[in-house]
Amino acid sequence: MDTAEIRRRFVAHFEQNTTVGAHTPVPSASLLLDDPNLLFVNAGMVPFKPYFLGQETPPFPRATSVQKCVRTPDIEDVGKTTRHGTFFEMCGNFSFGDYFKEGAIELAWDLVTKPLAEGGWGLDEAHLYPSILDGDDEALALWRKVTGLPEERILRLGRKENYWSMGIPGPGGPCSEILYDRGAAYGPDFDPATLGPDMPVALEDRLLEIWNLVFMQDELSAVRSKEDFDIAGSLPKRNIDTGMGLERVAFLLQDKANMYEIDVMFPVIEKAEELTGRRYGASHEDDVRFRVVADHVRSSLMLIGDGVTPGNEARGYVLRRLLRRAVRSMRLLGYEDPALPELFPVSRDKMGETYTSLHQDWERISTVAYAEEHAFRQTLRAGTTIFDQATAELKKSGGTQLTGDKAFALHDTYGFPIDLTLEMAAEQGLAVDEAGFRRLMNEQRQRAKDDAKAKKGQHRDASAYRQVADSMGRAVEFTGYDVVTDEGSVRGLVAAGGVVSSAGPGDDVEIVLDRTPFYAEGGGQLADQGVIELENGARLEVRDVQSPVTGLIVHHATVLSGEVTAGLGAHAVVDVERRRAISRAHTATHMVHKAFREALGETATQAGSENAPGRFRFDFSAVGAVPASVMSDVEARVNEVVLDDLAVHAEVMSQAEAVKSGAMALFGEKYGDRVRVVSVGDWARELCGGTHAGSSGKLGVIKLLGESSIGSGVRRVEALVGSDAYRFLAREHVLVAQLSDTLKVRPEQLPERVNDLVEKLRTAEKEIEKVRVAQLLAAGGELAAGAAKVGPVNLVAHRADGAGGGDVRTLALDVRGRLPQGEPGVVVVIGAADGKVAVVAAINDEAQARGLSANDLVRAVGPLVGGKGGGKADVAQGGGTDASRIDEALALVTTEVGRVAAG
Ligand code: ATP
Ligand code: MG
């Protein structure tokens, strides 16, 4: 049964259920769903969290979904176990205060054991083992009742395996799993009656966990670890959250050894076999590599599909790591050409059957992936050279271990992963000081952490904010779309990471109001600033506004005067000038985005932005530099739209309506959410929670400053808007006026005039050079005339300050030609220029006949000027860096010539 059919049957089983009732099928949320605690959605329940936490009322009592998941911690297991993917799909059924344990157990068991012909998985009961949390007698009794299995077939596991919580105070509960015994080929024999409380690692591939049922029933008051927590009581509404691994069921039903061999993954392995010429199944080492390739190609495809671009931190880093590991595994399999253009389309064709947007977005997705591979290949090339040098040096010095410093430099400067360094070193029979490397990495990580802490203030621990949010019982109302001043009341104060009851003059405090016109930084838009005045006369200056947990808006403020306490009425006043300038920038960003898509095609999607007062930054996907002509077209286009003075309006609608209206950027939205769509006339339409100018005319003027690369396949445009753009243009104008005044030409003649000047300057420099050489040579006659007699030899030993190597040589040869013919002649000139010393010796045939040699002379004096050199018997040249002993060197020349001539 192919994966698509398993997925379809799962949803049908719950959608059409009549015993507990129909489940509403909910499409998968984006992998990038906004959750401060998660990099990626990692379970089917994540989009439903607000319902489980009681923050929102669920629109349905029961739901079912097949959720895209990414689990980065499982990356090391990929290919080594039979069952871990970095990307996988989790099928789930959910009850929000509706049916509980019995319904969940019945529904799951029914689907798992129902014959294939009747729409189930048809798994043989003899291989199935339910597990419970040891002590959950209710679950034990229900499993016995529903399955008819004897008590000893039901495994009792400990909290580590079978208790679920979010790691924070809130809901929690025991779990039950359904495990499938795959037989002796996959692990040792076991006795179900005595198994537990831990599941032995050696058994995990044999007793395959396919489905986990969470019975959310407890209210936890404290969670110290996975196994150590306090249960304060029962939840008023008990919930069900289950997760079944689609790929795991697929490999059982397709009778494959592991998840990487199922219908939607194996074609990538086959393609890799074809490319590398190696066979899957021939060696364990290669097999792991093949599986890593299949997994990572699929995961990166899905991540890019949901809008991730490779980068150096957070989500971008995970993607980068996956792509690089895939490429590297192909290299280890012996394939050195670009691999992703071969592999990605194979994965797209399989995954695209379900996720059709992979086809629509293909151009963007493939561009991002291929650009990253290209960049990595260059990294490998540069790093390999450095690596080879380092190992060659090491071997020459007889060492056997590459230092931690070197490994770290390779990693830090060349992006060389440590495992690559380890492997390449091993191939050379060398070790690597891994401990030293790790120490340096940790130091760097700590620096980064301290940095982030310093930047984000006390944002790291969210518990104080949750406490405030809980005590409010509802979300803070943001009124800033309509007003810039508003009345509210103080609902909570946080200082130094904890809730406080009051604050006084000079204190830095984070203040929460029940309603506020202050915009919290988000969606690329910087926070508002302003003041808050309280009814008792206290005043606070608001520097920053953040939303650390969903539904909460926190003003970072300094108390200017008075006493701040919760409950007081508050008058909040946003700095309007700043807000207006930011709003103009935000509207301009939308317009620039749209204009780039018009100019470069739909693949020019936004990859990030920052909207600050009067200026903005817009990042988007594009291959290679954006031509200057496109930059000026885009600038012209957006300024036309400014003149058209299109009205800007925002509208809240369903996602389906948003898609239909042609809105851009549907990333990270949650199904069922109403979305806010901001339109500039009918022209640019985008999902956005930010604030905007009332109409495009309010922007005044937009000036693009330039564009650059900020990573593989991503370009950044910086720009100014409104009075900042005007001031910039005005400044440029003044500059041009000054230049045209100085150069005495009209502005439009400036380029020609400057070109002329540069040309003239070049000619003049050449002239000067000629004169200089002529002067130098003119000195030649005088020097030759003043030659000293050392025995029979005419000797010129001359110091030429300011002359470089070329001049020294020219001079020496010139002087030699002027010495009396038929007599032995020796010329040595030492010049010093720019910290370098040049020595040239030139001697004639008669001098050579007397045993003198230019080469010997240069070698004799070279060491005195801190250098070496040499040449032939007639002309030799050397150089050094020590100008302090030039005179000594010249004296030595005289001595040497005297010595040889006499001998
Ligand atoms: P395991 O112990 O095998 O790693 P888990 O306890 O982490 O599993 P859960 O968090 O309970 O799994 O997730 C629910 C279901 O999702 C599992 O029963 C399994 O079928 C599936 N699943 C979990 N992690 C992965 C993964 N990395 N790849 C594929 N399927 C997974
Ligand atoms: Mg796991």
Side-chain angles (χ1 to χ4, degrees), residues 39 72-80 86 284-286 288-289 291-293 295-296 299-300 310-340 371-453 710-712:
L39 221 43
T72 37
D74 287 349
I75 192 166
E76 298 296 339
D77 285 333
V78 171
K80 295 178 188 152
T86 45
H284 175 70
E285 232 183 3
D286 278 357
V288 171
R289 290 171 183 153
R291 292 180 203 133
V292 165
V293 169
D295 175 83
H296 289 11
S299 304
S300 345
N312 281 333
E313 50 194 333
R315 289 168 170 166
Y317 184 67
V318 172
L319 173 60
R320 172 159 285 168
R321 184 150 179 241
L322 289 169
L323 286 168
R324 291 185 164 196
R325 274 174 54 116
V327 170
R328 208 165 65 69
S329 299
M330 285 299 284
R331 290 175 94 89
L332 293 173
L333 286 166
Y335 187 75
E336 304 225 326
D337 291 334
L340 300 185
E372 177 67 10
E373 177 170 28
H374 179 72
F376 184 46
R377 288 167 61 83
Q378 283 176 331
T379 299
L380 280 177
R381 219 168 290 138
T384 305
T385 311
I386 305 297
F387 176 87
D388 289 346
Q389 267 169 15
T391 48
E393 267 168 37
L394 183 63
K395 282 187 176 162
K396 219 166 77 190
S397 68
T400 56
Q401 193 189 49
L402 206 62
T403 62
D405 281 349
K406 265 279 180 289
F408 181 73
L410 275 166
H411 170 89
D412 201 45
T413 316
Y414 300 95
F416 236 52
I418 181 68
D419 45 353
L420 186 58
T421 306
L422 285 170
E423 255 172 54
M424 288 174 50
E427 279 163 20
Q428 308 262 345
L430 297 171
V432 178
D433 175 13
E434 236 189 301
F437 169 81
R438 302 255 172 244
R439 186 172 38 74
L440 291 166
M441 279 299 283
N442 282 337
E443 283 171 19
Q444 190 195 41
R445 220 170 271 147
Q446 193 54 46
R447 277 197 300 276
K449 256 195 202 156
D450 294 346
D451 238 33
K453 243 190 204 156
I710 55 159
S712 49

Student: Just grab all the salt bridge (Lys or Arg N to Asp or Glu O under 4.0 Å) pairs involving residues 378-397, residues at least two apart or on different chains.
Tutor: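 Matches after skipping sequence neighbours: none remain.
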Student: Distance check, rounded to the nearest 0.5 Å: L394 atom CG versus Q389 atom CD?
Tutor: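 L394 atom CG to Q389 atom CD measures 13.0 Å (nearest 0.5 Å).
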Student: Just jot down the side chain to side chain contact (heavy atoms under 4.5 Å, CB included) partners of E336, sequence neighbours excluded, or say none.
Tutor: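 Per chain and number, E336 pairs via side chain to side chain contact (heavy atoms under 4.5 Å, CB included) with R331.
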Student: Using 0.5 Å steps for rounding, measure from the CZ atom of R328 to the CZ atom of R289.
Tutor: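 So the gap between those two atoms works out to 8.5 Å.
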Student: Kindly compute the distance separating CG (L410) from CZ (F437), expressed to the nearest 0.5 Å.
Tutor: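 With rounding to 0.5 Å, CG (L410) is 9.0 Å from CZ (F437).
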Student: Taking side chain as C-beta onward, heavy atoms only, is V327 less than 4.5 Å from E372?
Tutor: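 V327 vs E372: side chains apart.
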Student: Rounded to the nearest 0.5 Å, how far apart are CZ of R377 and CG of D337?
Tutor: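 R377 atom CZ to D337 atom CG measures 6.5 Å (nearest 0.5 Å).
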Student: For A326 and V293, which heavy atoms make the closest approach, and how far apart are they?
Tutor: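 Residues A326 and V293, closest heavy atoms: O-CG2, 3.9 Å.
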Student: Look up atom CG in L319 and atom CZ in R321, then write down how far apart they are to the nearest 0.5 Å.
Tutor: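 These two atoms lie 12.5 Å from each other.
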Student: Could I get the full list of side chain to side chain contact (heavy atoms under 4.5 Å, CB included) partners for T86, not counting sequence neighbours?
Tutor: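 T86 satisfies side chain to side chain contact (heavy atoms under 4.5 Å, CB included) with I75, V78, D295, H296, S299, L322 once adjacent residues are dropped.
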Student: What's the shortest heavy-atom distance between L340 and E373, and which atoms?
Tutor: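 Closest heavy-atom pair between L340 and E373: N-OE1, 2.8 Å.
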Student: Applying side-chain contact (heavy atoms from CB on, under 4.5 Å), run through E443 and R439 and close with a yes or a no.
Tutor: CA-CA 6 Å; E443 283 171 19; R439 186 172 38 74; 3.7 Å; yes
Student: Which pair of heavy atoms, one from R291 and one from G79, lies closest together, and at what distance?
Tutor: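 Shortest heavy-atom contact: NH1-O, 2.6 Å.
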Student: For a quick test of reading the model, state the closest non-hydrogen atom pair linking T421 to A407 and the distance between them.
Tutor: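 Taking every non-hydrogen atom into account, CG2-CB, 4.4 Å.
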Student: Any side-chain heavy atom of H411 within less than 4.5 Å of one from I418?
Tutor: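 H411 does not reach I418 side chain to side chain.
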Student: For a quick test of reading the model, state the closest non-hydrogen atom pair linking V292 to S329 and the distance between them.
Tutor: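 Between these two residues, the closest heavy atoms are CG1-OG, 3.5 Å.
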Student: Of the non-hydrogen atoms in A339 and M330, which two are nearest, and what is the gap between them?
Tutor: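 Between these two residues, the closest heavy atoms are CB-CG, 3.8 Å.
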Student: At what distance, to the nearest 0.5 angstrom, does CG of L430 lie from CG of L422?
Tutor: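 Those atoms lie 11.5 Å apart.
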